[in-house]
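Side chains included, hydrogens not; waters and symmetry mates left out as well; all remaining heavy atoms used. Counting convention: from 1, in listed order, for ligands and their atoms alike. Numbers here are sequence positions counted from 1.
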Amino acid sequence: MIHDGRFGRFGGFYVAEPLLPALEALEQAWLDAREDSDFQATFRALLSDYAGRPTPLYRSPALSETLGCTVYLKREDLLHGGAHKTNNTLGQGLLARKMGCRRLIAETGAGQHGVATAMVGALLGLEVRVFMGALDVARQAPNVQRMQLFGAEVVPVEAGARSLKDAINEAMRYWTEHIRDTFYVFGTAAGPHPYPSIVRDFQRVIGEEIRREVLARHGRLPTAVLACVGGGSNAIGAFAPFLDDAEVALIGVEPGGEGLDSGKHGATLSRGELGCVHGSLSLLLQDSHGQVQEAHSISAGLDYPGVGPEHAHLRQTGRAIYDSATDDEALRAFAWLCRSEGILPALESSHAVAAALRLTERFDSDDVVVINLSGRGDKDLAHAMSALEARR
Ligand SMILES: *Cc1c(COP(=O)(O)O)cnc(C)c1O
């Protein structure tokens with residue numbers, strides 16, 4: 001490897017020996033692609049013509065009134081596919097093609113990353129195999145159908161708890177046996193180096209657009225940027241272009257589940273401990289025996305037990321701060337945004353809105369706050385309606 005993939009003490013690549021050549025080849029392809037103007041032009045063209053970038057930066061009257069300053073929603077919910085995940089799978093699909101791989105594999109929990117990978121496989125003419133916990137296959141029928149319509153094979157994983165963690169392990173195992181012709185499309189800014197950096201690079205378009213648009217409208221940078229954090233990809237994409245601008249507050253919002261003291265949450269950065277999961281050293285939810293603990297959240301996309309190593313580092317250095325929102329708060333924010341703006345946010349994104357709604361005293365009237373609305377909530381409709389009903 002050319003880089004050690006460290007963010008402070010976090011990151012690195014803790015994988016079985018047979019995977020090292022694959023990660024080395026991936027690192028080389030990524031470093032080449034960064035300098036390759038043809039690659040970058042193709043990526044930019046697909047982002048705009050296929051996926052619909054730039055996404056709007058929408059001034060929300062309701063949020064602006066509530067917070068007493070200018071509040072924008074970065075509308076990743078309007079991206080093709082319904083969430084920011086498309087940025088990453090398009091980039092990694094192009095990397096796969098550049099490396100001459102004919103097959104994409106991916107892990108998926110709720111199915112969103114699987115669908116985004118299947119979509120790009122169909123677009124680029126690559127075979128796709130998606131590993132999905134058997135329990136998730138049963139729970140997420142519409143996403144399984146989408147993947148199959150896009151031509152992907154969905155492989156149910158019967159091991160362990162039959163959910164996301166097991167699907168990742170299975171995908172890694174399959175990759176080890178097929179490294180010659182197979183590209184592993186990782187779904188978030190975690191995993192072994194170089195994935196956290198690759199995913200950040202493909203998602204940073206979110207932050208670049210925020211930066212450009214806020215500068216154009218206000219002649220200054222935003223006061224704060226908020227984003228929800230599962231593994232951390234939409235947040236790191238929104239934060240990355242501002243890391244050197246100390247005046248911009250970067251606020252990540254984790255799933256507080258049923259409350260941080262309930263033991264049923266996914267607040268990895270607030271409550272996790274140093275540990276190694278999926279090939280990288282980061283913060284991680286563990287039980288008293290050091291076993292990886294399941295994360296809990298009302299939003300399936302946030303219940304990843306680990307978090308990307310760059311976020312662990314940004315928290316340690318204090319460059320970003322991390323807050324959490326509970327299931328109840330996220331649901332209330334979800335319903336509130338629907339009613340006040342006619343925008344149906346993903347439950348994941350609703351965590352960022354919920355945390356913002358708590359910051360009513362924090363901002364001055366000329367401050368500019370941006371909330372990354374990572375995705376749309378159509379996928380959450382049934383779940384959110386029954387949860388709202390149960391709370392009445
Ligand atoms: C997957 C997903 C997330 C969580 O993933 P990150 O890698 O933390 O961004 C957040 N929002 C939406 C809409 C998602 O689909």
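Counting only residues at least two apart or on different chains, no side-chain hydrogen bond (donor to acceptor under 3.5 Å, both in side chains) pair has a member in residues 151-165.
More than 12 heavy-atom neighbours from other residues, nucleotides or ligands sit within 6.0 angstrom of CG on Asp49.
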Determine all donor-acceptor pairs shorter than 3.5 Å in which one atom belongs to a side chain in residues 201-211; sequence neighbours excluded.
{"unit_1": "Asp201", "atom_1": "OD2", "unit_2": "Trp30", "atom_2": "NE1", "d": "2.9"}
{"unit_1": "Asp201", "atom_1": "OD2", "unit_2": "Arg34", "atom_2": "NE", "d": "3.0"}
{"unit_1": "Asp201", "atom_1": "OD2", "unit_2": "Arg34", "atom_2": "NH2", "d": "3.2"}
{"unit_1": "Gln203", "atom_1": "OE1", "unit_2": "Asn87", "atom_2": "ND2", "d": "2.9"}
{"unit_1": "Gln203", "atom_1": "NE2", "unit_2": "His84", "atom_2": "O", "d": "3.1"}
{"unit_1": "Arg204", "atom_1": "NE", "unit_2": "Glu208", "atom_2": "OE2", "d": "3.0"}
{"unit_1": "Glu209", "atom_1": "OE1", "unit_2": "Arg53", "atom_2": "NH2", "d": "2.8"}
{"unit_1": "Glu209", "atom_1": "OE1", "unit_2": "Thr55", "atom_2": "N", "d": "3.3"}
{"unit_1": "Glu209", "atom_1": "OE1", "unit_2": "Lys74", "atom_2": "NZ", "d": "2.7"}
{"unit_1": "Glu209", "atom_1": "OE2", "unit_2": "Arg53", "atom_2": "NE", "d": "2.8"}
{"unit_1": "Arg211", "atom_1": "NH1", "unit_2": "Pro241", "atom_2": "O", "d": "3.0"}
{"unit_1": "Arg211", "atom_1": "NH1", "unit_2": "Asp245", "atom_2": "OD2", "d": "2.6"}

Determine all donor-acceptor pairs shorter than 3.5 Å in which one atom belongs to a side chain in residues 124-133; sequence neighbours excluded.
{"unit_1": "Glu127", "atom_1": "OE1", "unit_2": "Arg102", "atom_2": "NH1", "d": "3.0"}
{"unit_1": "Glu127", "atom_1": "OE2", "unit_2": "Arg103", "atom_2": "NE", "d": "2.9"}

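Within 4.0 Å of ligand 1, protein heavy atoms belong to Ala83, His84, Lys85, Thr188, Cys228, Val229, Gly230, Gly231, Gly232, Ser233, Asn234, Gly301, Leu302, Ala346, Glu348, Ser374, Gly375, listed by chain and number.
Defined by atom type and a distance below 3.5 Å, a donor-acceptor pair is present between the side-chain atoms of His278 and Tyr304.
Of the charged side-chain nitrogens involved, none lies within less than 4.0 Å of a carboxylate oxygen, so that Asp32 and Lys98 do not count as a salt-bridged pair.
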